[in-house]
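Single-structure report; data block below.
What you see is a predicted model, and the numbers here were worked out from it, not measured in a lab. First the proteins, then the strands, lettered A, B, ... as listed; each starts at 1.
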2 protein chains.
Amino acid sequence: MNEKQNQKSKRTTMTISNPLENLLGYHLRRASAAMISQLSQGFSALDLKITETSVLVMVEANPGMKQSDIGRALGIKSANMAPLVAVLSDRGLIRKKPLDGRSQGLHLSEEGKKVVKKIWENINANEEWLARSLDKDSFDSLKKTLNNIWL
Amino acid sequence: MNEKQNQKSKRTTMTISNPLENLLGYHLRRASAAMISQLSQGFSALDLKITETSVLVMVEANPGMKQSDIGRALGIKSANMAPLVAVLSDRGLIRKKPLDGRSQGLHLSEEGKKVVKKIWENINANEEWLARSLDKDSFDSLKKTLNNIWL
DNA sequence: TATTGTTATACTCTATAACTATA
DNA sequence: TATAGTTATAGAGTATAACAATA
């Protein structure tokens with residue numbers, strides 16, 4: 001008899017009020033966190049972090065590009081790009097070719113190209129997960145709304 | 001004489017391709033980061049972190065609520081709630097009142113009530129900043145879309 | 001047994017400051 | 001002078017593991 005009401009709290013059905021639920025910023029933060037958690041889980045099989053995958057995808061799309069340009073495009077500071085690129089280079093996923101005395105162009109290795117294919121599989125699966133969570137119309141309108149506003 | 005083309009790169013107008021721009025997940029992450037940066041800046045004047053302000057707002061809306069319930073509502077793990085609540089308590093913004101032998105209800109102090117007013121000023125300013133960035137229709141549809149989906 | 005709260009610890013991402021070397 | 005890249009370090013948020021005390 002009325003078992004549902006007793007599922008969470010035993011005595012009083014003390015309802016929780018969350019004023020943050022009315023805020024767009026709050027939902028933006030929660031939605032982003034949920035998405036990142038989902039995406040990271042997929043990338044863990046490749047032993048890659050999200051920032052690392054974003055750099056690999058950029059190198060694939062812009063072979064020979066300097067890491068400073070990639071960092072600017074992704075909003076990653078040069079101080080954080082340095083160790084990030086070092087890891088990818090040490091793992092043999094990217095190669096550095098000198099452009100001049102101070103800057104080096106980044107290229108994918110053969111191994112890197114294989115890895116990027118798997119990265120895209122995960123990215124596409126994540127977008128589908130988002131689409132499932134949002135329904136098609138909301139997904140499209142959200143993408144259009146957010147596109148080219150931030151950065 | 002075509003000065004605009006020379007604003008960014010000197011020699012070649014090497015256009016950067018960013019395939020991530022087509023992804024909703026990417027924009028969600030960037031938008032959330034931009035919003036958090038904006039909001040944190042406002043809270044720094046109060047010497048409060050975003051997670052701390054979210055707890056204070058919840059205590060204001062639910063006086064006497066246990067920290068475990070607040071953590072659940074906000075998606076903050078109990079291991080992270082403990083030091084968070086301790087800081088707010090040490091600063092005299094909240095008070096703990098024992099509910100039973102193991103749980104304690106949280107309440108705002110007078111000082112805490114004053115601080116929450118300023119928190120709301122910052123939150124409202126942030127929402128207005130978001131609305132300005134997005135235009136009214138997109139803002140409303142975004143809020144409706146994200147509402148009650150995540151968590 | 002499950003819940004409340006705590007401590008310790010580690011990881012990801014981001015930020016600033018200071019620095020070297022090159023254009 | 002400005003840019004490319006690096007190192008060191010700190011902070012904010014989140015995660016797991018292990019634990020004591022209580023319901």
Ignoring backbone atoms, test whether [X] places a side-chain nitrogen or oxygen under 4.0 Å from the OP1 or OP2 oxygen of [N].
{"X": "Ser78(A)", "N": "dA4(D)", "answer": "no"}
{"X": "Ser103(B)", "N": "dT4(C)", "answer": "no"}
{"X": "Lys77(B)", "N": "dT14(D)", "answer": "no"}
{"X": "Ser68(B)", "N": "dG5(C)", "answer": "yes"}
{"X": "Arg72(B)", "N": "dT4(C)", "answer": "yes"}
{"X": "Lys66(B)", "N": "dT4(C)", "answer": "yes"}

Whole Å only: how far is the [atom1] atom of [X] from the [atom2] atom of [N]?
{"X": "Met65(A)", "N": "dT3(D)", "atom1": "CE", "atom2": "P", "answer": "17 Å"}
{"X": "Ile36(A)", "N": "dT12(C)", "atom1": "CD1", "atom2": "C1'", "answer": "10 Å"}
{"X": "Ile76(B)", "N": "dT6(C)", "atom1": "CD1", "atom2": "C1'", "answer": "16 Å"}
{"X": "Lys49(A)", "N": "dC13(C)", "atom1": "NZ", "atom2": "P", "answer": "6 Å"}
{"X": "Gln38(B)", "N": "dA15(C)", "atom1": "CD", "atom2": "P", "answer": "13 Å"}
{"X": "Leu106(A)", "N": "dG5(D)", "atom1": "CG", "atom2": "C1'", "answer": "11 Å"}
{"X": "Gln67(A)", "N": "dT7(D)", "atom1": "CD", "atom2": "C1'", "answer": "13 Å"}
{"X": "Leu88(A)", "N": "dT6(D)", "atom1": "CG", "atom2": "P", "answer": "12 Å"}

What's the spacing between Asn62(B) CG and Asn18(A) CG if we round to 0.5 Å? 8.0 Å
Test item: Ser89(B) side-chain N/O and Ala86(B) main-chain N/O as donor-acceptor pair under 3.5 Å: no
Any donor-acceptor pair under 3.5 Å from Asn126(B) side chain to Asn122(B) backbone: no
Earlier contact from the 5' end, DNA chain D, for Ser40(B) and Lys96(A): Lys96(A)
Nearest-nucleotide 5' precedence on DNA chain D, Gln104(A) against Asn80(A): Gln104(A)
Classify Ala79(A) by what it touches in the nucleic acid, base, sugar-phosphate, or nothing, heavy-atom distance under 4.0 Å. base
With a 4.0 Å cut-off on N to O distance, would you call Lys113(B) and Glu110(B) a salt bridge? yes
Tell whether Asp100(A) reaches the base of dA4(D) with its side chain through a donor-acceptor pair below 3.5 angstrom. no
Base dT22(C) to side chain Arg102(A), donor-acceptor N/O within 3.5 Å cut-off: yes
Which residue lies toward the 5' end of DNA chain C, Ala86(B) or Ser37(B), if each is placed at its nearest nucleotide? Ala86(B)
Hey, which sits more toward the 5' end of DNA chain C by its nearest nucleotide, Thr51(A) or Pro83(B)? Pro83(B)
So do the side chains of Arg91(A) and Leu48(A) get within less than 4.5 Å of each other, counting heavy atoms only? yes
Does any part of the side chain of Gln104(B), heavy atoms only, come nearer than 4.5 Å to the side chain of Leu99(B), both counted from C-beta? no
